[in-house]
Amino acid sequence: MRRLVVMVSGSGSNLQAIIDAQADGRLPVEITGVISNNADAYALTRAANAGIPTSVLSHKGRKRSEYDSELAYLVSTIGADLVVLAGWNRLLSGNFVSHHTTINLHPAEPGKFPGLGAIERAFDAWKSGEISAGGVMVHYVPDEGVDDGPVIDWKPVPFSIDDTLETYEQRVHTVEHELLVDSINIVLGQLPPTGA
Ligand code: GRF
C-alpha cells in the first residue's frame with residue numbers, strides 16, 4: 001500500500017475528502033501522517049478524529065531553507081511515497097521537493113491566479129467581466145514555482161448568474177474534493193513500482 005503524507009494549513013475539507021475516500025475504498029493508500037505549519041488548523045482535529053498521527057512544525061521565524069530541510073526529514077521519518085499539499089499555504093523550496101514527490105491543489109485553472117486568495121480573485125475577475133469560468137487544478141510541485149508545475153488534472157468551475165463569493169467558493173470546494181482524490185489515483189498509477 002502506498003503511503004501518503006498530507007500537509008495542511010487550514011480547515012482541511014480536502015484532507016477530509018482524502019480520509020473519506022480512503023475509508024470507503026476509492027483511494028488505496030495508507031495515510032501515514034498529517035503535518036501542519038499551523039497549530040490551530042482544524043485539519044489537525046479531522047486527522048486526529050480519523051486516528052491519523054499529526055505533527056506541527058511552525059515556520060515562524062525560520063529560514064526557508066532550514067525549515068524545508070527539517071520538514072523533508074520529518075516526512076522521511078513518517079514515511080511517504082507521495083506528499084499531498086491540501087490547503088498548505090507556504091512555498092516549498094528544492095530542499096523539500098527534491099526529496100519527496102509532491103503534488104498541490106490550487107483553486108484556479110492552470111496558469112491562473114497563482115498565490116493566495118485565488119478564489120476571491122477569480123470571483124472578482126468574473127464580476128468585472130474578465131473571465132467566464134473559474135477552475136481547480138492539481139499539479140506536481142517540481143520546484144519553487146508558485147502554483148505552477150506539470151498539471152495532473154483540472155476541471156472548470158462555471159459561474160452562475162446569481163453567484164455570490166460564498167456560493168462560488170462552495171462549488172469550488174465540491175469540485176476540489178473530487179478532483180483531488182481522482183488526481184491522487186492518477187499519480188499513484190504513475191509512481192515507479194515499489195522497490196524500483
Ligand atoms: C482550497 O481551496 C485549496 O485549493 C487552497 O486552500 C483551500 C483549502 O481548503 N489551496 P481546505 O483547508 O482543504 O478546506
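One-based numbering, in listed order, for ligands and for the atoms of each.
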Pair E30, T32: side-chain N/O donor-acceptor within cut-off below 3.5 Å: no
Short side-chain donor-acceptor distance under 3.5 Å, E120 and Y168: no
Within the protein, residues bringing a heavy atom under 4.0 Å of ligand 1, chain by chain: G10, S11, G12, S13, N14, G87, L105, P107, I119, H173, E176
Cluster check L71, V56: I/L/V/M/F/W/Y, side chain < 4.5 angstrom: no
Residue pair R171, D163: steps toward the salt bridge (charged side-chain N to carboxylate O under 4.0 Å, His left out) verdict: CA-CA 10 Å; R171 217 159 48 250; D163 257 340; 2.5 Å; yes
Listed partners of H99 passing side-chain hydrogen bond (donor to acceptor under 3.5 Å, both in side chains), at least two apart: none
Matching residue for H139 among D148, N104, D153 - test: side chain to side chain donor-acceptor pair (under 3.5 Å): N104
